[in-house]
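Quick notes on the structure that follows.
Whatever order the structure lists ligands and atoms in, that order sets their numbers, starting from 1. Note that the structure is predicted; figures quoted are calculated from it, not measured. Every heavy atom of this structure was used, including side-chain atoms; hydrogens, water molecules and symmetry mates were not.
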Amino acid sequence: MEIRGAVAFVAGGGGGFGAATSRRLHAAGAKVLVADLDEDKGRAVVEELGEGAAFARTDVTDEASIQAALDQATELGPLRIAVVAHGGPGGQRTLDKSNAPAPQASFTRVLDIFLASTYNIDRLAAAAIARSEPLEHGERGVIINTASIAAFDGTIGQAGYSAAKGGIVAMTLPLARDLAPAGIRVVTIAPGTFLTPAFRNADPEQLDAYWGAAVPFPKRMGRAAEYAQLAQQIAENVYLNGETIRLDGALRFTPKGA
Ligand SMILES: NC(=O)c1ccc[n+]([C@@H]2O[C@H](COP(=O)([O-])OP(=O)(O)OC[C@H]3O[C@@H](n4cnc5c(N)ncnc54)[C@H](O)[C@@H]3O)[C@@H](O)[C@H]2O)c1
């Protein structure tokens, strides 16, 4: 797809992956709607990008909020790219140290924020993209979801997170099949460990050394710009569809991660 002239909707656009992808797509000529719950972070990205970027305070767990942000995106021009890269809560061990079970609510909350919200954005974004004129090959647009390598080799404490991310991987093909008649592709990125603000309150150099040591090559954490690079490549390559791409330097998690 030709990115120039397209509108991109980026859920979690103020975060590590979201901001980097907003920057990259904007530099490639897209108009970008940065949708994020955090107004300061989202507005900072939009101010940095300047013309052709707009912010919508969005809660991805609220359907009306997603729809309002999508409506704002389509006012910028034809929506063709939706990137789903919002964050959410961490998980917890199924039994704690005294063998008490984790609350069921923490599991369903993780599923709700990561999996159900991704589907909610996907279906609403698909309806908006379907209203854009078809391009070459009959293509109207692409949806890029964010899973994690925890979908395949989840660590201790990641039952809920792995289930949610595994769900995103599992729905990639049926979504691509559902949306094919509208000329909309669906591709999922499954990142390894990336140096983003998701790792709060930790020294970046120490993080990079700790997590990077477990990565076969290159021996460091990933950079958000590398996620954004893949997002652009997915948008540009019309033959990529219905697949999950690991972006992890060949990292495989051990039970404790690294
Ligand atoms: N960083 C990593 O190593 C890594 C690895 C694998 C997968 N991921 C996944 O990538 C995604 C983004 O990760 P990141 O590292 O960029 O995180 P991040 O914390 O840097 O950014 C997440 C953004 O989402 C926003 N957000 C949180 N809740 C929201 C809500 N309810 N509605 C709208 N916006 C909300 C936050 O304000 C933040 O700006 C997450 O799904 C994460 O699970 C990250």
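- The distance criterion of under 3.5 Å between nitrogen or oxygen atoms is not met by Gly18 with respect to ligand 1.
- Listed by number with element, the atoms of ligand 1 under 4.0 angstrom from any heavy atom of Lys41 are 38 (C), 39 (O).
- Polar contact check, Gly87 against ligand 1: a nitrogen or oxygen pair lies under 3.5 Å apart.
- Salt-bridge formation is detected for the pair Glu63/Arg123: a Lys NZ or Arg NE/NH1/NH2 atom is positioned less than 4.0 Å from an Asp or Glu carboxylate oxygen.
- At least one N or O atom of Asp59 sits closer than 3.5 Å to an N or O atom of ligand 1.
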Check against salt bridge (charged side-chain N to carboxylate O under 4.0 Å, His left out), Glu48 and Arg23: CA-CA 9 Å; Glu48 175 195 324; Arg23 281 186 198 105; 2.6 Å; yes

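- The pair Arg140-Glu133 fails the salt-bridge criterion, with no side-chain N (NZ, NE, NH1 or NH2) lying under 4.0 Å from an Asp/Glu carboxylate O.
- Here's the thing with Tyr161: one of its N/O atoms is less than 3.5 angstrom from an N/O atom of ligand 1.
- Salt bridge annotation for Glu226-Arg220: present, with a cationic side-chain nitrogen under 4.0 angstrom from a carboxylate oxygen.
- Residue Phe17 has at least one N or O atom closer than 3.5 Å to an N or O atom of ligand 1.
- Proximity to Phe194 (heavy-atom distance under 4.0 Å) selects the following atoms of ligand 1: 1 (N), 2 (C), 3 (O).
- Those atoms of ligand 1 with a heavy atom of Gly15 less than 4.0 angstrom away are 20 (O), 21 (O), 23 (C), 38 (C), 39 (O).
- Of all the heavy atoms in Ala85 and Tyr227, the pair that sits closest is CB-OH, 4.1 Å.
- Those atoms of ligand 1 that come under 4.0 Å of a heavy atom in Thr196, given as number and element, are 1 (N), 14 (P), 15 (O), 20 (O).
- Of the polar atoms of His86, at least one N or O is found under 3.5 Å from an N or O of ligand 1, judged by distance alone.
- The hydrophobic clustering, which links ILVMFWY residues whose side-chain heavy atoms are closer than 4.5 Å, places Ile245 and Leu251 apart.
- Those atoms of ligand 1 that come under 4.0 Å of a heavy atom in Gly16, given as number and element, are 16 (O), 18 (P), 20 (O), 21 (O).
- Heavy-atom proximity to atom 38 (C) of ligand 1, evaluated over Val45, Thr118, Asp36, is greatest for Asp36.
- Ion pairing between Asp38 and Arg43 fails under the 4.0 Å rule for side-chain N and carboxylate O.
- Remark: the Gln67 side chain and the Asp71 side chain contain an N/O donor-acceptor pair separated by less than 3.5 Å.
- Ser117 contributes no side-chain N or O that, together with a main-chain N or O of Phe114, makes up a donor-acceptor pair within less than 3.5 Å.
- Those atoms of ligand 1 with a heavy atom of Asp38 less than 4.0 angstrom away are 37 (O).
- Residue Ala147 touches ligand 1 through its backbone alone, judged by heavy-atom distances below 4.0 Å.
- Counting heavy atoms under 4.0 Å from ligand 1, residue Leu37 touches it through both backbone and side chain.
- Residues Val83 and Asn145 form no side-chain contact, since every pair of their non-hydrogen atoms from C-beta on lies 4.5 Å or further apart.
- At a 4.0 Å cut-off, at least one heavy atom of Gly192 sits close enough to ligand 1 to count as contact.
- Counting heavy atoms under 4.0 Å from ligand 1, residue Met221 does not touch it at all.
- Salt bridge Arg223/Asp208: present, at least one basic N to carboxylate O contact under 4.0 Å.
- Between the side chains of Thr58 and Ser65, no donor N or O sits under 3.5 Å from an acceptor N or O.
- Annotation: Thr58 places an N or O atom under 3.5 Å from an N or O atom of ligand 1; distance criterion only.
- Counting heavy atoms from C-beta outward, Val32 and Phe9 have side chains that stay 4.5 Å or more apart.
- Checked by distance only, ligand 1 and Ala85 stay at 3.5 Å or farther apart across all their nitrogen or oxygen atoms.
- Listed by number with element, the atoms of ligand 1 under 4.0 angstrom from any heavy atom of Gly14 are 39 (O).
- At a 3.5 angstrom cut-off on N or O pairs, Gly88 does not count as close to ligand 1.
- When each atom of ligand 1 is checked for a heavy atom of Pro197 under 4.0 Å away, the hits are 20 (O).
- In this structure a side-chain-to-backbone donor-acceptor pair under 3.5 Å is present from His86 to Ile113.
- In terms of polar-atom proximity, Gly12 is not counted as a contact of ligand 1, lacking any N or O under 3.5 Å from an N or O of the ligand.
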